[in-house]
Protein chains: 2
Amino acid sequence: MAITIKDVAKMAKVAPSTVSRVIANNPRISEKTKQKVREAMEQLGYHPNFIARSLASQSTRAIGLIMPSSTDVVFQNPFFPTVLRGLSEGAHERHYALHMTTGKTDDEIYEGVIQMVQGGRVDGVILLYSKVEDKVLAFLKERDFPFVVIGKPFSDEEEITYVDNNNFRAAKEVTEYLIKLGHKQIAFVGGNLNLTVTVERLLGYEKALRDAGIELVNEYIVHEEFLKEGGQEAVRGLISLNKPPTALVVADDLMALGVLNTLDELGIKVPEDVSIISFNNVMLAEMSRPPLTSVDINIFDLGFESARSLIYRIENPREPVKRIIIPHKIVKRCSCSSPLTEEPKIVT
Amino acid sequence: MAITIKDVAKMAKVAPSTVSRVIANNPRISEKTKQKVREAMEQLGYHPNFIARSLASQSTRAIGLIMPSSTDVVFQNPFFPTVLRGLSEGAHERHYALHMTTGKTDDEIYEGVIQMVQGGRVDGVILLYSKVEDKVLAFLKERDFPFVVIGKPFSDEEEITYVDNNNFRAAKEVTEYLIKLGHKQIAFVGGNLNLTVTVERLLGYEKALRDAGIELVNEYIVHEEFLKEGGQEAVRGLISLNKPPTALVVADDLMALGVLNTLDELGIKVPEDVSIISFNNVMLAEMSRPPLTSVDINIFDLGFESARSLIYRIENPREPVKRIIIPHKIVKRCSCSSPLTEEPKIVT
DNA sequence: AAAGAAAATCAAATCGGTTTTGATTATAAT
DNA sequence: ATTATAATCAAAACCGATTTGATTTTCTTT
């Protein structure tokens, strides 16, 4: 078996409790004994047992990550690694580790969260999604367990700490941008309507149109999965309309890429025939042909700030809930121009 | 405080040890008492404390993930999320969780591993990389702690369980493919030479040339980082040679994309002027213009099998080490053709 | 030098389980 | 009826730390 605190105590001729105090650098121990104990630790190659420490101190210095059920979708979207990097960095900063379990179905995930939380494996959790009527969120709230949501919670907004972009505003801005370019037939390609991010972006899109006095067309609003395939599906429907749109607001870069591909196959040119603007600004956006105009939502910061605020909440349980809005920025590339009625030109 | 095994014992009028046995479904307990205890657990909403259980049973059912130090590079490459998905699925299958810590420098990572291992936070670890003279690997071996390497270990191959592709062979095959197309000036764009994967692929490339009686040219071999930028750097050098290569073996799709970009800027056509073949076959390979011919290395399986064999090793400590080779396959797309001396045509 | 205050250290209880040991009861064999 | 055997459960020890309350040592002060 490994070296324990008792071995160290014996070697330094002190009580185990004293060794524990030395580890915690408690001022109640004199410098002299501290020195003595540290030498013993050094000589024995002692490393404290995290599990035992967790049990005694009721804290694990680990934070749990909860993914949405459609794991394969999440993992495929470049959003995920970036937010994970942010999380990881934010956690590492305060010496916290990340703990992950996954599951195929919603029930498996729920079960995993229960085990993780009730089992005391983590000090807090981060929800990497926000959707309507989430059992997991309800459980965490009910249990009053520290957690942070990435994205805007669907309800009880004031009682939940979350980190999000202002997606409503961002969507409104991009739609206004298209309107300013002269577009009137603007479609919206969103993801699953159960996700609040989709709802927010849709609302922003609608608001912009309404403000500009442009009528909303039902057929112009479609919802697919946040994947390339989703974008492909969406386009086929839109293009076959009597009066196809001249511009598309697409809720995710990966979808936009699918859109781009399909349009290419159909011989429709971007941005000459159709303008496209999308969200997230992942690396792909820069590399597509044409490069996509996209809203940079600072994915890394989304993760980084989530980790930070969760840890803050863990260490200050009585602090009030917080809401953190990460800024966004439209990155203009080459996928948007004025519609054909005017002189087609690339806007930069 | 939460409900403990004692509360359950009291309610079911049995000893705590009996409850523990019921949890473990020990045959020494009669069905009748089991039923009684289970009812009590149900009523109280009991969930076992993982930490206490870990401490007593000396097992955590968690496996640690060790990333290379250049975290940002790893996280950017689409290789990572895919292998993580495989790991996650392989772990979940046997009800193991994943545990991650990251660090900026090599020393931080090493320190993290020590804490994780000595602190008993995980039952085993997976190294997501394989490089020369790795302190972490040396420590794990010395300590005789269960671990699995993704990639071929640089030394002591027979004493280490690892999961890898046959990168030597894959590289040889792609090079032979290019040779068969008529290429003679074939360059190799690899990653960091400290990584065994680079070495293996380079050796395969060299072997193919040697077998075909083609002289190796030093200037044709360059090494950059596994990123888009790496590919861009590489190309500039190669193109400025007196006798630039007509075909490129690129060790990573992301690099190949950088290569593609730069060639495009320079007005050099792929595959007409230069053929490109790369490794990994991530989603990007399919979406680039032209779509890349790439070696599919089954990244998901790499992760999945790693998790599986680590768990097997944890649960059967006396079993001998294993070597698992994941098959690969060349996926032919549009980035390779015969060189200009012959009729340029796309090979499918 | 004696008494009291302050500082340093120690022993024991605790965290929430698992596992071993031993006692008790029920069943089978002689 | 008596003993051997098996089945069942209770009690205690343990995993490796933290933390509380008691005790010893050292330092002031009169």
Side-chain angles (χ1 to χ4, degrees), chain A residues 1-41 44-62 95 114-123, chain B residues 1-38 40-41 44-62 114-123:
Chain A
M1 197 80 335
I3 295 102
T4 78
I5 209 171
K6 284 178 194 153
D7 302 320
V8 177
K10 208 169 294 171
M11 180 161 193
K13 296 205 181 70
V14 297
S17 53
T18 305
V19 178
S20 174
R21 292 221 154 86
V22 173
I23 294 169
N25 200 23
N26 188 310
R28 279 174 58 184
I29 304 294
S30 71
E31 269 312 317
K32 207 175 57 197
T33 8
K34 274 184 185 171
Q35 205 49 46
K36 198 171 58 179
V37 172
R38 290 208 179 102
E39 262 167 36
M41 299 201 316
L44 293 170
Y46 168 78
H47 280 269
N49 182 311
F50 234 97
I51 304 295
R53 166 179 281 192
S54 295
L55 181 59
S57 65
Q58 301 287 324
S59 108
T60 61
R61 285 197 97 81
H95 304 290
I114 303 258
Q115 300 239 341
M116 193 151 86
V117 172
Q118 306 278 36
R121 286 193 106 165
V122 296
D123 294 342
Chain B
M1 197 77 336
I3 294 101
T4 78
I5 209 170
K6 283 176 195 154
D7 303 320
V8 176
K10 209 170 293 173
M11 178 161 194
K13 297 204 182 72
V14 297
S17 55
T18 305
V19 178
S20 174
R21 289 219 156 88
V22 174
I23 295 169
N25 202 22
N26 189 310
R28 282 175 56 184
I29 305 293
S30 71
E31 268 312 317
K32 207 174 55 200
T33 12
K34 275 184 185 172
Q35 204 50 46
K36 197 172 58 181
V37 171
R38 290 207 179 100
M41 298 201 313
L44 294 171
Y46 169 78
H47 280 269
N49 182 311
F50 236 97
I51 303 296
R53 167 180 279 191
S54 294
L55 182 60
S57 65
Q58 301 288 329
S59 106
T60 61
R61 285 196 99 81
I114 304 257
Q115 299 239 341
M116 192 150 88
V117 171
Q118 306 278 35
R121 286 192 106 164
V122 296
D123 294 343

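So that the names make sense, note that chain A is the first sequence line, chain B the second, and so on, each numbered from 1.
Residues B:Thr18 and B:Ile29 have side chains in contact (heavy-atom distance under 4.5 Å, counting atoms from C-beta outward). In this structure, B:Val14 and B:Val19 have side chains that are in contact, with non-hydrogen atoms separated by less than 4.5 Å. Side-chain atoms of A:Lys34 and A:Asn25, non-hydrogen and from C-beta on, do get closer than 4.5 Å to each other.
Between A:Thr18 and C:dC10 there is a side-chain N or O to OP1 or OP2 distance below 4.0 Å. Applying the 4.0 Å criterion to OP1 and OP2 of C:dC15, one finds that A:Ser54 has every side-chain N and O outside that range. Contact check, A:Ser30 against C:dT9: a side-chain N or O comes under 4.0 Å of OP1 or OP2. The side chain of A:Thr33 contributes an N or O atom lying less than 4.0 Å from OP1 or OP2 of C:dT9. Put simply, B:Thr4 has no side-chain N or O that comes within less than 4.0 Å of OP1 or OP2 on C:dG16.
In terms of position along DNA chain D, the nucleotide closest to B:Pro27 lies nearer the 5' end than the nucleotide closest to the other residue of the pair B:Pro27 and B:Ala52. Annotation: of the two residues near DNA chain C, B:Ile51 and B:Ala24, the 5′-most nearest-nucleotide partner is B:Ile51. Each of B:Ala56 and B:Lys36 was assigned the nucleotide of DNA chain D with the nearest heavy atom; the assignment lying further toward the 5' end belongs to B:Lys36.
Between B:Ile29 atom CD1 and D:dA6 atom P there is a gap of 18 Å when expressed in whole angstrom units. Distance A:Ile3 CD1 to D:dC15 C1': 16 Å, rounded to the nearest Å. Across the protein-nucleic acid pair, A:Lys6 atom NZ and C:dA12 atom P stand 13 Å apart, rounded to whole Å. Rounded to a whole Å, the NE2 atom of A:His47 is 16 Å from the C1' atom of D:dA17. Put simply, CD on A:Gln58 is 10 Å from C1' on C:dT14, counting in whole angstrom units. One interatomic measurement links the two molecules: CZ of B:Arg28 to C1' of C:dA23, which rounds to 12 Å at whole-angstrom precision. Put simply, CD on A:Gln115 is 13 Å from P on C:dG17, counting in whole angstrom units. In this structure, CD1 of B:Ile23 is placed 13 Å from C1' of C:dT19, rounded to the nearest angstrom.
Across D:dT18, D:dA10, D:dA22, the shortest atom-to-atom separation from the side chain of A:Ser20 is found for D:dT18. Residue A:Ser57 has its side chain nearest to D:dT18 when only D:dT18, D:dA17, C:dC10 are considered.
Here A:Lys13 pairs with nothing under the side chain to side chain contact (heavy atoms under 4.5 Å, CB included) rule; sequence neighbours left out.
Rotation axes derived from the C1' atoms of the five outermost pairs at either end of the helix from C:dA1-D:dT30 to C:dT30-D:dA1 lie 50° apart, to the nearest 10°.
Note that the OG1 atom of A:Thr4 and the CG atom of A:Leu44 stand 9.5 Å from one another [nearest 0.5 Å].
Within 4.0 Å of A:Pro48, counting heavy atoms only, lie sugar-phosphate atoms of the nucleic acid but no base atom. Looking at heavy-atom distances under 4.0 Å, B:Arg53 makes contact with sugar-phosphate atoms alone, never a base. Residue contacts shown for A:Val19 are absent, as no nucleic acid heavy atom lies under 4.0 Å away. If you check every strand for non-hydrogen atoms under 4.0 Å, B:Lys34 touches nothing.
When all heavy atoms are compared, the tightest approach of A:Arg61 to A:His95 is NE-O, 3.3 Å. Across all non-hydrogen atoms, the minimal contact from A:Ser54 to B:Ile51 is CB-CG2, 3.8 Å. Taking each heavy atom of A:Pro16 and A:Ala9 in turn, the nearest pair found is N-CB, 3.6 Å.
Counting atom types as modelled, B:Arg21 pairs no side-chain N or O with a base atom of C:dT18 as donor and acceptor under 3.5 Å.
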